[in-house]
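Keep in mind that the numbers below use all heavy atoms, side chains included, and drop hydrogens, waters and symmetry copies.
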Amino acid sequence: MASNEPIGVFDSGVGGLAVVEQIRKLLPREDIVYYADRGHFPYGPKSAQAVLSLSISAVEFLLSKRSKLIVVACNTASAAALSELRQQFKIPFVGVVPAIKPASLQTRSGKIGVIATEGTLHAEMFQGLVEQFASGLEVVTVACPLLVEFVEEGRVGGPELELALHSYIDPILESGADTLVLGCTHYSFLKEAVERIAGPEVAVLETSKPVAKQVQRLLQENDLLSETADHGLITYYASGDLENFNEVKEKLFSVRAVE
Ligand code: DGL
């Protein structure tokens, strides 16, 4: 695989764009091919088997675009498919997992909240993370199916979203959690709204930056960093409605200050 080929990134929709944003900042010379599998959105309520087969199709598509490394920019797909993908395809993969480890190092109350999709919370991989890093802690998990719908429509504010956020997050706050993990890439676009509701005493963690760092590390290790001097190109593909995808993308980034 040549170093000037693109990095492939996929998600069920717009969630992985938060990861692309960070990769772009860290590695501006890299070309990126983004695939939003909106035709099969949402992944969260689907069986692990179904998400695995959609992930295989997404990877095959990204390989047809000559990806040199693939980022599974979706917690649900990483939980269901990452180990199988690594066995089936001989290129480097980076996945996204909920930030249980950093949360467990950071909590003072010994209570961590995790919001994610149903698929992620039920996955063996997630249970393994909790056992490995948070065994002596209380971990309060809440599946939030409505949130991905809001973000996929580009709605990251407003009274209806506020209501939904309260219904999911209030029980976590009432439990005394002082650290809240955003375990779904779509929720990155809700970070400010979540922080506002959670208040200054609660740390809200998401993983776009560490994922971008891991991409950089793996490219370095495999001698795959782009050698061009120019700015890289980002190309977007979607199953389903690409035009609407572009509109939502514009909306999400116009309301979001790049850190
Ligand atoms: N963005 C995906 C994740 O990180 C989930 C969205 C969906 O349910 O499709 O889990």
Would you say that more than 12 heavy atoms from the other residues, nucleotides or ligands in this model lie under 6.0 Å from the CD of E201, or not?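 Open: at most 12 neighbouring heavy atoms sit under 6.0 Å from CD of E201.
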
Are the side chain of [X] and the backbone N or O of [Y] linked by a donor-acceptor pair below 3.5 Å?
X: T207; Y: P210; answer: no
X: E206; Y: P98; answer: no
X: R38; Y: V14; answer: no

How are the rings of F41 and H186 set to each other: parallel, tilted or perpendicular (split at 30° and 60°)?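 Rings of F41 and H186: tilted, 30 to 60°.
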
Classify the ring geometry of F245 against Y34: parallel below 30°, tilted from 30° to 60°, perpendicular beyond 60°.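 The arrangement is parallel - the two ring planes meet at less than 30°.
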
Go through the structure and list residues passing salt bridge (Lys or Arg N to Asp or Glu O under 4.0 Å) with E84, not counting sequence neighbours.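 For E84, no residue satisfies salt bridge (Lys or Arg N to Asp or Glu O under 4.0 Å) once neighbours in sequence are set aside.
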
So, for Y187 and F150, is the gap between ring centers shorter than 6.0 Å?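 No, ring centres 6.0 Å or more apart.
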
What heavy-atom pair brings [X] and [Y] nearest, and what distance separates the two atoms?
X: G44; Y: T117; result: CA-CB, 3.6 Å
X: L173; Y: I197; result: CD1-O, 3.9 Å
X: R155; Y: E153; result: NH1-OE1, 3.0 Å
X: K68; Y: E30; result: NZ-OE1, 2.5 Å
X: V140; Y: S175; result: CG2-OG, 3.6 Å

Test of understanding: clusters of I, L, V, M, F, W, Y form through side-chain heavy atoms closer than 4.5 Å, transitively. Do V148 and V181 belong to the same one?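 Not linked; separate clusters.
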
Any Lys/Arg nitrogen of K191 or E195 sitting under 4.0 Å from an Asp/Glu carboxylate oxygen of the other?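 Yes, this pair counts.
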
